[in-house]
Enquirer: 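This is the structure, below, for whatever I ask next.
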Amino acid sequence: YDSCLTLASINIEGLFPDKFRSDQARRKIQSYSAPIALMSLPVAYMIPPLFLGDFMDPALYVTMAVATGIMLFVFAALGIYGAREDKFVIDRYYNVKPEAKESFLTTLKTSFKQRAFIILLIFWYGYGLVIGSVQGSVPYLISYIIGGDQMDIIIVNAALILGGIVSALIWPRLLKKFKNNKKSYVIASVFYTIVTFIFGFTFDLISGIIFVSAFGLGLGAFWILNTIIKADMYDERTVLTGTDQRGATVGILNFLGRFG
């Protein structure tokens, strides 16, 4: 599963700077895609228990694997049209002289010479650490601290979705106001850190809903900006090195980010 996810991520993130070349286009598409991505995880927590129960039967994992495979196939098929190259990319392919291929180790060395890559890697590592810890702690939080049931888990995840939707409405406007992706990314990261810290003070269902909604605001901001700032980093690397090694750079970033 993780190998297939990495293969998909390399292609999606590698295509993003070409499909959306201006800051305006990148911000606009992220204002749509980030809320959808943000809603997917809570929905995945909420929907299966309504049909399959509490997952105590190991055979249910086979059912979920089949259902997940079918959904992935459908969405992959729907994405084929959008992933097609436009005339600009096709003309560039035929008119630009092919570049000499770099080895993985060479790309790794040149990537670590880029300051933006190192900083983004640190942020990406921290993001993976936080999102994995917080999402994994929600069932524990509901069951052992709040003392709730399956419906309370659904309510808390719905609060996360609500926070993400509000964030998707706010941050595109802030991006347009700041006109600085780097500044926006730093502000979003600081806000994300603060709301994650506050999340640790949850003591009942009401406070859980409030803090998770705030966490959704921070998470939505980070998701909107993450792909944009990555595309800027890939563009900068191409300018600095004179070679376009986005595929290898994406692979290195995702591989190192897995340690989070």
Side-chain angles (χ1 to χ4, degrees), residues 1-23 25-27 29-30 33-34 37 83 89 92-93 96-136 171 175 178-194 196-197 218-260:
Y1 168 80
D2 199 62
S3 297
C4 292
L5 177 62
T6 301
L7 287 172
S9 299
I10 289 174
N11 286 279
I12 292 171
E13 292 184 21
L15 282 172
F16 185 86
D18 261 343
K19 299 296 292 184
F20 309 100
R21 301 184 188 98
S22 66
D23 282 343
R26 292 173 181 178
R27 292 165 185 168
I29 189 62
Q30 281 303 100
S33 63
V89 176
R92 186 183 63 185
Y93 177 81
V96 176
K97 183 180 179 180
E99 299 175 353
K101 293 184 178 180
E102 288 184 0
S103 67
F104 179 82
L105 290 177
T106 301
T107 304
L108 181 63
K109 291 177 182 178
T110 55
S111 295
F112 275 100
K113 292 179 181 179
Q114 183 185 2
R115 181 170 175 267
F117 176 87
I118 297 174
I119 295 174
L120 183 58
L121 178 62
I122 294 172
F123 276 92
W124 185 238
Y125 179 87
Y127 161 78
L129 185 64
V130 169
I131 193 64
S133 300
V134 171
Q135 288 183 341
W171 274 97
L175 280 170
F178 293 147
K179 296 180 180 179
N180 188 320
N181 293 339
K182 178 182 176 181
K183 179 180 178 181
S184 302
Y185 194 67
V186 172
I187 293 173
S189 299
V190 171
F191 178 72
Y192 187 39
T193 302
I194 293 172
T196 302
F197 176 77
L219 183 61
F222 204 85
W223 276 17
I224 288 172
L225 286 158
N226 201 40
T227 303
I228 296 173
I229 208 73
K230 280 184 181 180
D232 289 346
M233 186 270 289
Y234 301 144
D235 291 343
E236 182 189 69
R237 188 192 187 285
T238 301
V239 172
L240 292 175
T241 64
T243 61
D244 187 356
Q245 300 293 334
R246 274 174 294 172
T249 308
V250 171
I252 292 169
L253 188 63
N254 284 331
F255 172 74
L256 297 175
R258 288 290 188 272
F259 289 101

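Quick caveat: nothing in here was measured; it's all calculated off a predicted structure.
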Enquirer: Specify the closest pair of heavy atoms between S184 and L225, including all atoms of both residues, with the distance to one decimal.
Expert: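 Closest approach of S184 to L225, heavy atoms only: O-CD1, 3.5 Å.
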Enquirer: Which atoms form the tightest heavy-atom contact between F191 and G218, and what is the distance?
Expert: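 Minimum heavy-atom separation between F191 and G218: CE2-N, 3.5 Å.
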Enquirer: Report yes or no: does R26 contribute a side-chain atom to a donor-acceptor pair with the main-chain N or O of I228 at less than 3.5 Å?
Expert: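 No, the answer is negative, given that no donor and acceptor are paired below the 3.5 Å cut-off.
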Enquirer: Side chain to side chain contact (heavy atoms under 4.5 Å, CB included) with T196: which residues, sequence neighbours excluded?
Expert: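 Listed in chain order: V130, V134, Y192, F215.
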Enquirer: Just verifying a value: how many Å separate I29 CD1 and F20 CZ, rounded to the nearest 0.5 Å?
Expert: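 That separation rounds to 4.0 Å.
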Enquirer: Which pair of non-hydrogen atoms, one from M233 and one from Q114, has the smallest distance, and what is that distance?
Expert: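 Closest approach of M233 to Q114, heavy atoms only: O-NE2, 3.1 Å.
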Enquirer: Residues in ring-ring contact (aromatic ring centres under 6.0 Å, His included) with F112, at least two apart?
Expert: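 Result, ring-ring contact (aromatic ring centres under 6.0 Å, His included) vs F112: F117.
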Enquirer: Could you tell me the separation between the CG atom of D232 and the CG atom of N181, rounded to the nearest 0.5 Å?
Expert: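 If we round to the nearest 0.5 Å, D232:CG and N181:CG are 4.5 Å apart.
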Enquirer: Is there side-chain contact between F123 and N226, with at least one heavy-atom pair below 4.5 Å?
Expert: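 No, side chains not in contact.
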Enquirer: To the nearest 0.5 Å, what is the distance between CG (L120) and OH (Y234)?
Expert: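 Nearest 0.5 Å value for the CG-OH distance: 7.0 Å.
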Enquirer: Taking side chain to side chain contact (heavy atoms under 4.5 Å, CB included) as the definition, give me every residue that meets it alongside K182, ordered by chain and number, with sequence neighbours left out.
Expert: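 Only R115, N180 meet the side chain to side chain contact (heavy atoms under 4.5 Å, CB included) criterion with K182.
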